[in-house]
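Written below as structure tokens is the structure these notes are about.
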Amino acid sequence: MKRSSWTDYQKDIADDHYYYARSCIRQNFFPGSEKVFLDILGKKLGRDIFDDPLHTSCTGIGYHSDVVPLETIMTVVARQFALMSEAGYENFTSSCITSFGIYTELLATWEEFPETEEKTRENLYKATGREFKKPKNLAHTSDVIFHHREEIAQKAVRKLVNYHTGEPLKVVEHIGCHYAKIFPKSGIGGSEFPYVLAGMVESWGGELVDYPERRHCCGFGFRNYLVQANRGYSIANSHKKLESMAPYKPDFIVCNCPGCSMFLDKWQYTIAEMEGITYGAGGTGIPVLTYEEMAGLVLGYDPWELGMQMHQVDVEPLLDKMGIEYNPSAKYLGRNGKYIGRPERAIVNSCSEDTIYKRRF
Amino acid sequence: MFAAIIIKYVSWLRALPKSDLVLLGKGLVSPQTMMAIWEVVCESLLHRRIFRINKRLGYMHMSLAFGWFLLIVVGWAETVAYLGARWVPLQGHVFFKYFAALNGINTHIAIFDFVMDLLLMFVLSGVALAWYKRRNSAKLGMKRATQHIFFDKIALTALWFVFPVRLIAESITAAIYGGGGFLTGGIGKLLSMVVSDNILEWAYEPIWWIYSLALGVFFMAMPFSRYMHIFTEIPLIFLRHYKLRPQDKEKSYDNFEVEACSRCGICIDPCQLQQQLGIHDVQSVYFLRDRRYNMLQQKIAHNCLMCGRCEQVCPVGINLNTLRLNSRTSMRNIPNEGRYNYLRGKDYSMGEGRVGYFAGCMTLLTPNTLHAMEKIFTAARENVWWADKDGGVCCGRPMKLTGETDSAQNMMDFNKRLFKQHDITTLVTSCPICLRVFREEYNLEGIEVLHHSEYILRLIQQGRLRIKYNAEQTFTYHDPCELGRGSGIYEEPRAVIEAIGKLLETEHNRKNALCCGSSLANTVIDDKQQLSIATNVAEEMDSTGAKTLVTACPLCKKAIARGTRSKVVDLSEIVAGNLR
Amino acid sequence: MKHIIIIGGGVAGMQCASELAQQGVRVTILEKEADTGGKVKNWHKLFPTFTPASDVLSGLRHKIAKADNITIKTGCEATQVTPNSVRLASGEELSCDAVVIATGYTLFDARIKEEYGYGIYDNVITAADLEEMFNKNDVRLADGRVPRRIAILHCVGSRDEKVCQRHCSKVCCVTGVKQAIELKQLFPSADVFNFYMDIRMFGPGYEEMYREAQQKYNVHFVRGRISEVSPTIDNRLQIKAEDTLTGRPLKIGVDMLVLLIGMRANDMNTTLETDSGLQRQASGFMQPKDAFLGNAESNVEGIFYAGAITAPKNVAEALCDGATAALRVSDWLRNK
Amino acid sequence: MINFGFSISRPRVIDIDRNNLNKSKEIIAEMPELQACIGCGSCTATCTAGNLTEYNFRKVHTLVRRGEYQGAYEELNKCMLCGKCRLVCPRGINTRGVIMLIKRKLGDF
């Protein structure tokens, strides 16, 4: 494949001084990822990033489910920007793709319809007494990692290669729909051949898999999975993607959208239960990583510190393949060695038999 | 040979359905039997019907059948006369001349010699014609003769050999032993003069052997070849007089009809698929042959307009359309009870009246007919119940024509219920396809079914419709197959036209009328072929010089209109346009 | 002797030149490429008669070679045009009595519709590439294999507001059907699928050719624009589209995808508008003085149009245009 | 098996690569004129059965040509074979013949 078109879609990503907005889904399902992101930026790369306890959800889930009206979400977003300005930052980076899409969409709306911006300023002022400035630079956190990918590569302790054979790992990347499908110019590489994750994978020694359903949605679509009766449609999308990537025998999937990470991971369990199909070698599913986890592994973080025990599909086979040492018995120990509980055994998480709890009880 | 034939007949008769056996039992002792005997003489021996169609062909068939029959009868009489009054089998005469000579019977009864020779010449003339027909059928008024299969050709060849060889054999016998009439004796004398005795002696045995072989081959082949018709036609005539008929599903009686086909090929010429499109392998003769030998293919069975032109001329009077229909049924009928469940509770009819009007699917594509009928009904002050003005259910005949008889029944039941429900006493339709199935299969007791041509004529005769007559207006009329040959309605539409203007007849009219080519019965020919037939029909109509081409079938109207620039209208349209 | 400059040595320009030359006018053809013939010299056969494009060109060239009052200047690009002069890229200025602009069109760059993967996947080619393959008698996949299933996509860079080409390029439908037939002739056992939005068979013999492609050559026609093209594990291309006639999405793996790229207006047309005061249509093609009675004249006296400079046209129309422009020019010279 | 309260929706996509095109090819080989359909919808618009129930001949035969045989036989059984569609088809397709052919070929599906 002659990949060159991504170079047509570039965007400015601030190099330092970020105001960080968390993701509802990521902090609940992959809390380690957000923590590690802050850690990498602050400690490993020495950048200034502010994790503001005052900020809230962008209410994007509500917005996309027709619960939150447009005016409300505009005001909520305006408040986030106000907090950023108050904290003295100009570069906004959000951990969530949906939020990123919302911010991009609203900034564009304000651009096209200035009266809505005025109205929002009025609403925000009435509601909170705050005033906001639009960010100078808006980036998704994966953009930020992409921006620093070469620096991370320099500091890496290992590459995305098979420890035993030296072959590069085969990586499937999945980009959240709202990253660039709404505004192709807002994403690295545009919407057709997005490069944000591919760039990381290539810089860190992995091999990218280009498979037919690469651009297909994971099926998250809020309306579809929120209503139980519609989940069949939701899961069908993940199913389609997994079916399409399976012949390439990928070593793992990496996503930049928290919802996609969750879905591609957890639906594998559901599909295994429903159809008895597991994807990936060894019949234990294809591990799904967030790009923070991928960066964390490359930089030598402990997998359990990265929160990888929260995955439905066990990551141990991947860790073994990468030659990463880990303590199996520490898998379900959280901070301070406290037991965090473990999921029921299922086809896609049947790896570590010998946790200490198994032994203890 | 006789054994084979008898086994066939007995098994067929035994397999007859009960209703047919009842008919047979009733008929057996009725005057029908006598009439059947007379018909056997007329048809099986004299071939009267062929005579009517084509004199030369009639002579050919008559000379072969009647001549041979007389040869056998007179020969038997001769044998009896020579051998004295003792039991002689019917076939006793076959080699009589041979054995008579060997046994030293040398007496000659001149009258027998003369009659036998005359008859032999009679038959030989038929053989000569048959042979000539094979070579040059057009000279005998047949544009195309049947293309026979190999087996038939063997039997045919044997038959051709039988009589010339007999002539030679008897002549040689006459040359050696004397005797013979003007023909065999004459040739015998000639031979004895020209050819030496040795050669004659030498040829004597072989030629009788060849004769006997040819005869043997012919009779062996007969029950399995087309010559089975010689005997099958006889029981068929009886059964037919007992009112046995083929039906929409195959039954044992069909065997008599199928095997009564002599493959004379008279059905080939009138076929428009043959005339117009050059399709030479689907005609009734081939259909019956393939059906008889169990090698019928869908593309043959379905490639027929079912216009009935061949049935019209078939000398044996075989019900060709019905047989084809029930073959299609055997091939395609799949009982499916629930197939038209969606019809339940549907009723798009409108209006109220004791007279119902069923436009039919095709009429909905010729709205001028619909409007004209509306005008006519209004003019006649008829209250009308419109069965399908806003779309209805097909009458079922098109489905039936493709062989899905049971499925068609679902539709027919639906329509029948609809008619009963709306309490009509008269059902008028402008579609002959619907008309035919309403009359023949719907069993609409208490409801009189009329084609709109009949209905309009009745209105005119009753004085309920007043029509302007104008001799300046010239019309020509196309008989729709389903209306004319199908339902026997020829004169009513003509009477209606003549009440309006001048009617100019086409070359082929009434029973000989051509088919428009768009017949629903044919699902094989393509659009171009349909158009070609339609153009041909339209040309014939145009050649009458009439200003307006009239027909009484929506399908014919649509088809013919494609083939001409002249105005093509439905009968109802000219009536509606000339109301006073 | 009057001197006319014709900018563009394609079929329209050549036709115009030969007609003018017959009327005793001195003609100079400016051709920016090394040889005359314009786009047609790259084509293999012309629809709907399958006439070799080279036949048409050699006919025209022959007519031009016979005339001794035609000068052809190749490698010359006109940069500025007035009714009485043409400046070349080299800085040279040629004077004349009238100018005929016959610069034609530019082929749409299929790379812009990146979802179709032109320039990304090996076996995604354009109709122009396919014509070249036909000319070399070398139609095959990048790895040398013979294609077993080929998709042809209509309206690439035509009727597409997303790439700012709202107009219909007119000839692509016919070209697509023609190429489908040629491909079937080359590879009778291959399946050829045409993905179309509308089939616009506007000319004589076109509809008949379309029908022949369907019925005789068994070319499949699917109504629906391809949404995206992806590689498959066995190095084929997976295409997604909607089969709009059944209302269902459709997925198909093909060996080769041919993009029927449309005609877009030349970039130079903007310069013509700003520098020469000529009017341009919204599509970017030049606006003739009148759509009916003045279709070979521009809004500027002494500047004329021939061929696809004013709208997408097929070869026959371009030739006809060339002759019309010649007539208009000589009328104008006579009445001046 | 756990009851999740939903099942995986089957894809609506027509997957030409997975569909068995043999029957479709046989049908087209026997009646190549079917390929001449331009999807105008005249047949469906005039359809007697289509007036009474949901039945779309154009769609059914298009799907069959794409190798989607499931349900085609049952759909075609709604047809009354009245022949109006053949009279209106601008491409002169022998629609009744097509229906009979498809039914014959797809009897098993």
Side-chain angles (χ1 to χ4, degrees), chain C residues 148-151 173 177 180-181 184 188-201 206-224 226-228 230 232-234 236-255 257, chain D residues 9-45 50 54-72 75-76 89-95 97-98 101-102:
Chain C
R148 292 202 318 270
R149 193 182 277 162
I150 304 158
C173 287
V177 174
I181 291 177
K184 277 296 261 192
S189 61
D191 290 325
V192 179
F193 285 79
N194 277 49
F195 288 86
Y196 68 96
M197 275 38 79
D198 291 296
I199 291 278
R200 300 185 164 182
M201 292 291 150
Y206 297 1
E207 177 71 11
E208 290 84 342
M209 184 176 75
Y210 172 35
R211 203 199 161 106
E212 191 172 274
Q214 292 178 307
Q215 199 166 336
K216 185 172 160 200
Y217 290 99
N218 192 17
V219 174
H220 304 272
F221 284 84
V222 181
R223 189 184 180 280
I226 292 174
S227 66
E228 58 188 71
S230 327
T232 65
I233 194 161
D234 51 356
R236 298 175 87 209
L237 299 160
Q238 193 203 69
I239 285 171
K240 284 188 192 173
E242 187 195 351
D243 184 358
T244 59
L245 292 180
T246 61
R248 299 250 311 259
L250 182 133
K251 206 162 79 174
I252 181 173
V254 298
D255 298 315
L257 172 64
Chain D
S9 313
R10 289 297 128 204
R12 286 181 68 246
V13 70
I14 300 170
D15 193 336
I16 303 273
D17 298 330
R18 286 198 184 180
N19 287 352
N20 179 352
L21 294 175
N22 289 344
K23 291 275 177 194
S24 145
K25 281 181 178 161
E26 281 175 29
I27 289 164
I28 292 170
E30 275 196 42
M31 288 191 109
E33 65 195 75
L34 181 54
Q35 280 287 65
C37 173
I38 47 174
C40 71
S42 302
C43 48
T44 307
E54 204 170 290
Y55 165 58
N56 185 330
F57 168 60
R58 179 192 57 71
K59 200 165 158 181
V60 175
H61 81 65
T62 311
L63 282 170
V64 166
R65 283 188 288 146
R66 310 262 187 266
E68 294 280 327
Y69 311 126
Q70 205 69 48
E75 269 305 296
L76 290 178
C89 178
R91 283 293 185 108
I93 298 169
N94 177 358
T95 51
V98 166
L101 175 68
I102 296 179

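To find a chain, count down the sequence lines: A is the first, B the second, and so on, and within it residues start at 1.
Taking CG from C/Leu245 and OG1 from D/Thr62, the interatomic distance works out to 6.0 Å, rounded to the nearest 0.5 Å. A distance of 8.0 Å separates CD1 of D/Ile16 from NE2 of C/His220, quoted to the nearest 0.5 Å.
Inter-residue side-chain proximity for C/Pro249 and D/Arg12 is flagged as met; some heavy-atom pair is nearer than 4.5 Å. Looking at heavy atoms from C-beta onward, D/Ile93 lies out of side-chain contact with C/Gln215 at the 4.5 angstrom threshold. C/Asn218 has its side chain within reach of D/Ile28: a pair of non-hydrogen atoms, C-beta onward, lies under 4.5 Å apart.
Annotation for D/Arg18: atom CZ does not count as buried by contact number, only 12 or fewer foreign heavy atoms lying within 6.0 Å.
Contact of D/Arg91 with chain C is made through backbone and side chain together, with heavy-atom distances under 4.5 Å. D/Leu34 does not touch chain C: none of its heavy atoms, backbone or side chain, sits under 4.5 Å away.
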>> Before you tell me yes or no, could you show the steps for D/Ile38 and C/Ile199 under side chain to side chain contact (heavy atoms under 4.5 Å, CB included), namely the whole-Å CA-CA distance, both residues' side-chain angles and the distance that decides it to 0.1 Å?
In response: CA-CA 9 Å; D/Ile38 47 174; C/Ile199 291 278; over 6 Å; no

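Between C/Val219 and D/Gln35, the shortest heavy-atom distance links the atoms O-NE2, 3.7 Å. Taking both residues in full, the closest heavy atoms of C/Arg248 and D/Val13 are given as NH2-O, 3.9 Å, listed atom of the first, atom of the second, then distance. The two residues C/Gln214 and D/Cys37 make their nearest non-hydrogen contact at NE2-O, 3.3 Å. The shortest heavy-atom contact between D/Asp17 and C/Ile252 is OD2-C, 3.5 Å.
Of the residues considered (C/Gly247, C/Ala213, C/Gly253), C/Gly253 shows the highest number of contacts with chain D, using heavy-atom pairs under 4.5 Å. Taking C/Val254, C/Asp243, C/Asp191 one by one and counting their heavy-atom pairs under 4.5 Å with chain D, the maximum is reached by C/Asp243. Looking only at heavy-atom pairs under 4.5 Å with chain C, the residue among D/Met31, D/Arg66, D/Lys59 that has the most is D/Arg66.
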